[in-house]
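Just so it is clear, the values below take in all heavy atoms, side chains as well, and ignore hydrogens, waters and symmetry mates. Being a predicted model, the structure only gives us computed values, none of them experimental.
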Amino acid sequence: MGLKFRGNPFYETLLMTFCAVLIAIGNHFFRFPNHFTFGGVSGIAIILQYYLPLSTGTINFILNNLLLVVGFLVLGKGFGVKTAYVSFTLSLFISILEKVLPLDGPLTDQPILELCYGIALPGVAAALLFYVGASSGGTDIIAMILKKHTSINIGRALFCADALVVCISFFTFGIKVGLYSVLGLMVKSFLIDSVIENINLCKSFNIICNNPEPICRFITEKLNHSATIYEAQGAFTHSPKTVIITVMSRPQAIILRQYIKSIEPTAFMIITNSSEIIGKGFQN
């Protein structure tokens, strides 16, 4: 379920490249010039660049490689290869932007506006990467390890991994930048969880009907899903009813709802959102 490209190496590579571009643009044009350090290796790079004679791109590349080794060891080869590709591509794009479009200060005089873009672009990209089992490297790897070995969600895990970096920004760049960084970290963590939940969102159906056969046939043959049925009784009329339970994607849910209305307008449907479906055809 979910996005069509998941599990397809070609489309996953395109997605990971696109995400690396988004993160590079968000970091180079909005985060780095404003010293927004709401976590991640890029946040550490911003701080260290203040003290070391190295560019943020170079520091980002070195730190990512160190944490990438940890990712290979703890999270496995599949995650490691994808993250290595994103990490290398991200560092390459940042280095290119630093040479082609160097900045000596913020793009505008509106830090809140730039903070929004600095959060949104890398945040959405990070959520898409987590969805396909990859990351941009750095503290994202730490967050994935926390998620694997604890019950906390990925946004909260990322918040824990990045909190220390944000605290250091107060001492390096002052209270104003530190407060912006805290705000950025909180919004980023919420954004990542929201995007992942929206990507995984499915529709759960409870269909109470009199004639279940054509509905079940449509679900299995046309929508390639299964369903569970059981007999029930109406509380008011005491007439026999059949309840059909099934789960599917949002586009398929629209098709099923229209079909049921066309063949049995009196059918009673309870349709709810669910972002965590575990089983065959869904999450493992």
Side-chain angles (χ1 to χ4, degrees), residues 15-16 18-47 49-50 56-57 59-60 63-64 86-87 89-91 93-94 97-98 101 103 105-132 134-144 146-147 152-170 172-200:
L15 176 69
M16 290 187 292
F18 174 71
C19 289
V21 172
L22 283 185
I23 296 173
I25 291 174
N27 287 346
H28 177 72
F29 290 107
F30 304 107
R31 287 186 63 184
F32 292 169
N34 290 282
H35 300 148
F36 294 147
T37 55
F38 36 87
V41 161
S42 58
I44 300 174
I46 292 171
I47 293 173
Q49 189 265 342
Y50 189 77
T56 49
I59 298 172
N60 192 78
L63 294 177
N64 266 330
V86 177
S87 177
T89 307
L90 173 59
S91 297
F93 285 139
I94 289 177
L97 288 173
E98 286 178 341
L101 296 169
L103 297 175
L107 285 176
T108 71
D109 59 353
Q110 300 295 323
I112 291 294
L113 177 64
E114 298 200 22
L115 179 65
C116 291
Y117 280 95
I119 295 170
L121 295 178
V124 171
L128 292 173
L129 290 173
F130 287 137
Y131 179 75
V132 296
S135 80
S136 59
T139 54
D140 289 359
I141 295 175
I142 299 175
M144 292 290 280
L146 287 174
K147 181 179 182 294
I152 62 177
N153 57 37
I154 192 66
R156 193 171 300 170
L158 196 60
F159 182 90
C160 295
D162 291 338
L164 179 61
V165 180
V166 173
C167 291
I168 296 174
S169 69
F170 279 92
T172 305
F173 301 114
I175 293 179
K176 180 179 178 181
V177 172
L179 290 174
Y180 276 128
S181 298
V182 170
L183 176 62
L185 175 59
M186 291 189 294
V187 175
K188 175 187 171 185
S189 301
F190 175 79
L191 176 64
I192 290 175
D193 277 340
S194 298
V195 172
I196 291 177
E197 183 173 337
N198 191 58
I199 291 173
N200 288 327

Q. Does Ile112 CD1 have over 12 foreign heavy atoms under 6.0 Å away?
A.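 Result for CD1/Ile112: enclosed.
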
Which atoms form the tightest heavy-atom contact between [X] and [Y], and what is the distance?
X      : Y      : value
Leu90  : Ala20  : CD1-O, 3.5 Å
Phe36  : Phe30  : CD1-O, 3.5 Å
Leu115 : Gly184 : CD1-CA, 4.2 Å

Rounded to the nearest 0.5 Å, what separates atom [atom1] in [X] from atom [atom2] in [Y]?
X      : Y      : atom1 : atom2 : result
Ile119 : Leu183 : CD1   : CG    : 5.5 Å
Tyr117 : Gln110 : OH    : CD    : 12.5 Å
Asn34  : Thr108 : CG    : OG1   : 7.5 Å
Phe18  : Leu129 : CZ    : CG    : 10.5 Å

Taking side chain as C-beta onward, heavy atoms only, is [X] less than 4.5 Å from [Y]?
X      : Y      : value
Phe170 : Val182 : yes
Phe93  : Ile23  : no
Leu107 : Pro33  : no
Phe29  : Leu121 : no

Q) Any sub-3.5 Å donor-acceptor pair from Asn198's side-chain atoms to Ser194's backbone N or O? A)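 Such a contact is absent between Asn198 side chain and Ser194 backbone.
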
**Q.** Candidates Leu128, Val132, Thr89, Val124 - the one meeting side chain to side chain contact (heavy atoms under 4.5 Å, CB included) with Cys19
**A.**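 So, applying the side chain to side chain contact (heavy atoms under 4.5 Å, CB included) to Cys19 and each of Leu128, Val132, Thr89, Val124, only Leu128 qualifies.
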
Q) Taking it one step at a time, do Phe32 and Ile94 satisfy side-chain contact (heavy atoms from CB on, under 4.5 Å)? A) CA-CA 11 Å; Phe32 292 169; Ile94 289 177; 4.0 Å; yes

